[in-house]
Amino acid sequence: MAAKTLVVACVLILGLGIVTNGAPSPTQAYCKIVWLLGVPCDQVNMAIVTQVKAMGSYKLGPVTAALIQANHTSSVGQIESVNFTMMATAMSMGCHVEGLSVSAFWFSLLDNGTNYCNLHNVIQGSGLSKAPGFTEYTNEWLCLGLGLSACK
Ligand SMILES: *[C@@H]1O[C@H](CO)[C@@H](O)[C@H](O)[C@H]1NC(C)=O
Ligand SMILES: *[C@@H]1O[C@H](CO)[C@@H](O)[C@H](O)[C@H]1NC(C)=O
Ligand SMILES: *[C@@H]1O[C@H](CO)[C@@H](O)[C@H](O)[C@H]1NC(C)=O
């Protein structure tokens with residue numbers, strides 16, 4: 001019983017740590033996703049950049065080995081800022097990718113999963129979701145509208 005409580009507490013504290021670490025203002029809709037892949041980060045970076053360039057609704061910004069920045073225009077004419085941050089994992093040849101999508105305006109708080117889809121569609125379209133060891137982590141706290149999302 002005590003052990004179970006401890007596990008729950010740890011999960012909550014970890015979750016909150018992720019939320020408060022660089023989370024944007026709560027008045028904006030946003031989504032944060034963490035992916036783990038058994039692929040080197042330089043290959044992940046290339047695949048994401050290629051995919052963002054291929055998708056007409058994205059405008060690619062500055063790209064470095066560790067950070068890819070872009071803007072996305074959603075069909076309703078709203079703009080979201082999208083970042084992909086890459087870090088090599090301790091496990092050899094792996095990459096830890098953090099995706100963050102933030103709506104520019106407070107009134108897009110109920111975004112129907114737009115921010116989730118902004119991130120998910122890039123990873124799906126790039127083929128990275130089929131890479132060895134691919135795992136996606138997020139939840140309703142980190143990713144507003146996750147439960148409502150129906151990505152096209
Ligand atoms: C993204 O949008 C922001 C805010 O409008 C702007 O400052 C930035 O230059 C844009 N970046 C790109 C790559 O278009
Ligand atoms: C993306 O990264 C840039 C540079 O660190 C930062 O200024 C911007 O707020 C980030 N945008 C998002 C959506 O995290
Ligand atoms: C969300 O979905 C509902 C129902 O389909 C729609 O009425 C609403 O306009 C959508 N909101 C946004 C921001 O897309």
Side-chain angles (χ1 to χ4, degrees), residues 11-91 93-131 133-152:
V11 168
L12 285 175
I13 289 162
L14 273 175
L16 288 177
I18 296 169
V19 170
T20 51
N21 176 17
S25 133
T27 55
Q28 289 171 301
Y30 69 93
C31 178
K32 183 168 180 170
I33 303 181
V34 171
W35 297 279
L36 294 179
L37 299 103
V39 175
C41 283
D42 56 347
Q43 286 181 29
V44 172
N45 188 308
M46 218 184 315
I48 293 176
V49 168
T50 303
Q51 183 60 25
V52 166
K53 281 183 181 164
M55 292 166 96
S57 53
Y58 291 81
K59 189 155 172 266
L60 191 64
V63 175
T64 66
L67 174 66
I68 298 167
Q69 294 183 61
N71 282 346
H72 174 260
T73 306
S74 52
S75 49
V76 280
Q78 294 177 349
I79 293 181
E80 296 93 31
S81 162
V82 179
N83 281 3
F84 294 92
T85 311
M86 281 133 302
M87 267 175 289
T89 58
M91 189 185 67
M93 300 262 292
C95 192
H96 171 283
V97 184
E98 219 171 86
L100 185 60
S101 174
V102 181
S103 297
F105 307 110
W106 63 269
F107 52 78
S108 48
L109 194 55
L110 290 169
D111 75 344
N112 288 355
T114 300
N115 282 297
Y116 172 74
C117 295
N118 285 349
L119 300 169
H120 179 83
N121 287 348
V122 170
I123 297 301
Q124 180 104 345
S126 68
L128 287 172
S129 58
K130 296 199 184 81
F134 175 84
T135 322
E136 179 176 284
Y137 298 95
T138 190
N139 62 38
E140 276 286 351
W141 292 339
L142 296 175
C143 187
L144 202 84
L146 177 63
L148 298 171
S149 60
C151 301
K152 296 188 267 302

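Computed from a predicted model, the values in this text were never measured in an experiment. All residue numbers in this chain count up from 1 along the given sequence. In listed order, ligands and their atoms are each counted from 1.
Counting atoms of ligand 2 from 1 in the listed order, those under 4.0 Å from a heavy atom of Leu100 are 13 (C), 14 (O). For ligand 2, the atoms closer than 4.0 angstrom to any heavy atom of Val102 are 13 (C).
Listed by chain and number, residues touching ligand 1 at under 4.0 Å (heavy atoms only) are Lys59, Leu60, Gly61, Asn71.
Applying the side-chain contact (heavy atoms from CB on, under 4.5 Å) test between Trp35 and each of Leu119, Thr135, Leu128, Thr138 identifies Leu119 as the sole match.
Of the N and O atoms on the side chains of Thr73 and Gln78, not one donor lies less than 3.5 Å from an acceptor on the other residue. Between His96 and Thr89, the side chains place no donor N or O within less than 3.5 Å of an acceptor N or O (distance only, hydrogens not considered).
The shortest N or O to N or O distance between Asn83 and ligand 2 is under 3.5 Å.
Within 6.0 Å of the OH atom in Tyr137, the count of heavy atoms belonging to other residues, nucleotides or ligands does not exceed 12.
Legend: side-chain hydrogen bond (donor to acceptor under 3.5 Å, both in side chains) pairs involving residues 38-56, not counting sequence neighbours: none detected.
Interatomic distance, Asn118 CG to Ser81 OG, rounded to the nearest 0.5 Å: 10.0 Å.
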Trace of the side-chain contact (heavy atoms from CB on, under 4.5 Å) decision for Glu136 with Ile123: CA-CA 10 Å; Glu136 179 176 284; Ile123 297 301; 5.6 Å; no

